[in-house]
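Report on one structure; see the data block that follows.
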Amino acid sequence: MANQRTMVLGGLRALVYTVVGGAALLAVATVASVLGPVLALDLYTPAVAAWWTVFTAIAVQGVPFLLLGTVVSAAIGAFVPERVFTRLLPRNPALAVPVAGAAGVVLPGCECASVPVADSLMRRGVAPAAALAFLLSAPAINPVVLVSTSVAFPGQPGMVLGRFVASLATAVVMGWLWVRFGREEWLRPAKRRGHDHDHGSGAGAFVAGLQHDFLHAGGFLVVGAAAAATFDIVVPPALLDVPGWAAVLLLALLAVLLCVCSEADAFVAASLTGFSPTARLAFMVVGPMVDLKLIALQAGTFGRAFAIRFSAATWVVAVTSSALVGWWLL
C-alpha cells in the first residue's frame, strides 16, 4: 500500500513538473516572439531584429514537434515491453541489424532514450550490433522527425527521402561494421546506472520520461536556435562560400557541437540557407547520431573506449552516406 502511494505521489509530482516546465518553455517562446521585435527596435539594431526573427522562427516551429516526439518516446519506453525486440529480431546478428534499424520507423525514441534502451536490450540478450543499429536509427528516421523535416523543407520531398535513406544506411552500416570488427571488451557497462529514463513501466514512467525528455531536449532546442540565429547573422556570407565537401564537413561538425534534438533540427538546418542542400542534409543525419551529449551518455553507459571508437566511426559513415545520398537525390 505504501509503495503504491509513493508511486502515485511520484507520478503526480512528475506531472506537475512537466506541466509547469512545459508552460515555462512555451512562455519563453511566446515572450520572445512578442517582445523580441520590440526590444530589437528599441535597440535600433537591424541585426538584433534579424536575430530575433530567426531565433523565434526556429524555436516556435520546433516546439510542437519536440513535444510530439517526446510523448511518443515516453509512451514507448513506458508501455512497450522490451521482450518485443527479442521476439522480432532474427538470431543471426547480420540479419538482425537491418530489422533493428528499420524498427526505428515504428518504435521511435529521442537521442537520450536510445542509449539506455540499447543497453537494456543488450543485457536481455539482443545482439550488440542490432541494439546499436536501433540506437542510431530510432531518433533519426521516426515519423515525427520525417514530418518535421517535410514542414521545415516544404516542397522538397527529396530532402525528406534523403534524410531517411542516409540515416537508415548509416545505422545499418554501423551495425554490420560492429558484426565484423566489434569487440565485446569495448562494451564495459558502467557500474552505476543513474540515467533519468530508468523509471520502470506504467503511467508513472510515462510522465517521468516525458518530463525528462521535453525539458532536457527543449533546453538544447533553445540553445541550438540561438546558436543557429547567431551563426546566420554574425558569420559573413563570404565565409560560407566554400567548396561542396568543405561545407558538408563544416555542418557535420556543427551538428556535433549544437546538440539539437532530432525532432527540431530540421528547422535549424532550414535556416542555414547559405549552405548547399547536401551540407544541410549532413547536419540532419549526423546530429541525431553523434553529438556531445550522446558521446557523454555512451561513455557513461558503455565506457569511454566504446564511445570514442563508435562516435568517430559513426561520424565518418554518416558524413559519407550524406554526401553520397545528397549527390544522388539533391
Side-chain angles (χ1 to χ4, degrees), residues 65 94-95 97-106 108 111 114 129-130 132-181 228 240-256 258 260 262-291 294 310-330:
F65 291 99
L95 298 177
V97 164
V99 176
V105 177
V106 294
E111 295 95 317
S114 63
L132 294 175
F134 179 80
L135 181 154
L136 295 176
S137 69
I141 62 172
N142 66 70
V144 178
V145 169
L146 298 179
V147 171
S148 68
T149 305
S150 67
V151 173
F153 293 92
Q156 302 182 50
M159 189 66 76
V160 181
L161 179 60
R163 180 171 195 175
F164 175 83
V165 173
S167 299
L168 181 58
T170 301
V172 172
V173 169
M174 285 303 302
W176 282 338
L177 286 177
W178 182 267
V179 172
R180 177 63 180 85
F181 301 106
L240 303 180
D241 188 15
V242 294
W245 270 105
V248 171
L249 296 176
L250 179 59
L251 281 198
L253 290 173
L254 189 65
V256 177
L258 290 186
V260 184
S262 60
E263 288 88 357
D265 62 357
F267 299 100
V268 177
S271 69
L272 301 173
T273 55
F275 290 92
S276 67
T278 300
R280 288 185 281 175
L281 176 64
F283 179 88
M284 294 186 292
V285 173
V286 171
M289 298 184 177
V290 186
D291 63 27
L294 280 174
F310 188 73
S311 298
T314 302
W315 189 88
V316 173
V317 173
V319 171
T320 304
S321 177
S322 301
L324 293 175
V325 172
W327 168 79
W328 174 45
L329 288 176
L330 306 178

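Counting all heavy atoms, side chain and backbone alike, Val286 lies closest to Ala318 at CG2-CB, 3.9 Å. When every heavy atom of Phe153 is checked against every heavy atom of Ala266, the shortest pair comes out as CE1-O, 3.6 Å. Residues Trp315 and Val290 approach most closely at N-CG2, 3.8 Å, considering heavy atoms. The heavy-atom pair separating Pro98 from Val172 by the smallest distance is CA-CG2, 4.0 Å. In plain terms, the two heavy atoms of Ala140 and Met289 that are nearest each other are CB-CE, 4.0 Å. Contact detail for Phe267 and Ala152: the closest heavy-atom pair is CD2-CB, 3.7 Å.
Rounding to the nearest 0.5 Å places CE of Met284 at 5.0 Å from CE of Met159. Rounding to the nearest 0.5 Å gives a distance of 4.5 Å between CG of Leu281 and OG of Ser322. Distance check, rounded to the nearest 0.5 Å: CG of Leu254 to CG of Asp291 gives 11.5 Å.
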* Show your reasoning for whether side-chain contact (heavy atoms from CB on, under 4.5 Å) applies to Val145 and Phe164. => CA-CA 9 Å; Val145 169; Phe164 175 83; over 6 Å; no
* To do: Walk me through it: do Val105 and Asn142 pass the test side-chain contact (heavy atoms from CB on, under 4.5 Å)?
  => CA-CA 4 Å; Val105 177; Asn142 66 70; over 6 Å; no
* To do: I would like to know whether Trp327 and Thr278 meet side-chain contact (heavy atoms from CB on, under 4.5 Å); could you show each step before the answer?
  => CA-CA 7 Å; Trp327 168 79; Thr278 300; 5.9 Å; no
* Check against side-chain contact (heavy atoms from CB on, under 4.5 Å), Val316 and Met174 -> CA-CA 10 Å; Val316 173; Met174 285 303 302; over 6 Å; no
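In this structure, Ser167 contributes its side chain and Arg163 its backbone to a donor-acceptor pair below 3.5 Å.
Within the 4.5 Å cutoff, no side-chain heavy atoms of Phe283 are placed close to those of Leu253. When side chains are defined from C-beta on, Val319 counts as touching Trp245, because their heavy atoms get closer than 4.5 Å.
Partner Arg280 forms a side chain to side chain contact (heavy atoms under 4.5 Å, CB included) with one of Leu330, Val268, Leu251, Val285 and no other, that one being Leu251. Just one of Leu329, Leu146, Thr149 meets the side chain to side chain contact (heavy atoms under 4.5 Å, CB included) condition when paired with Leu161; it is Leu329.
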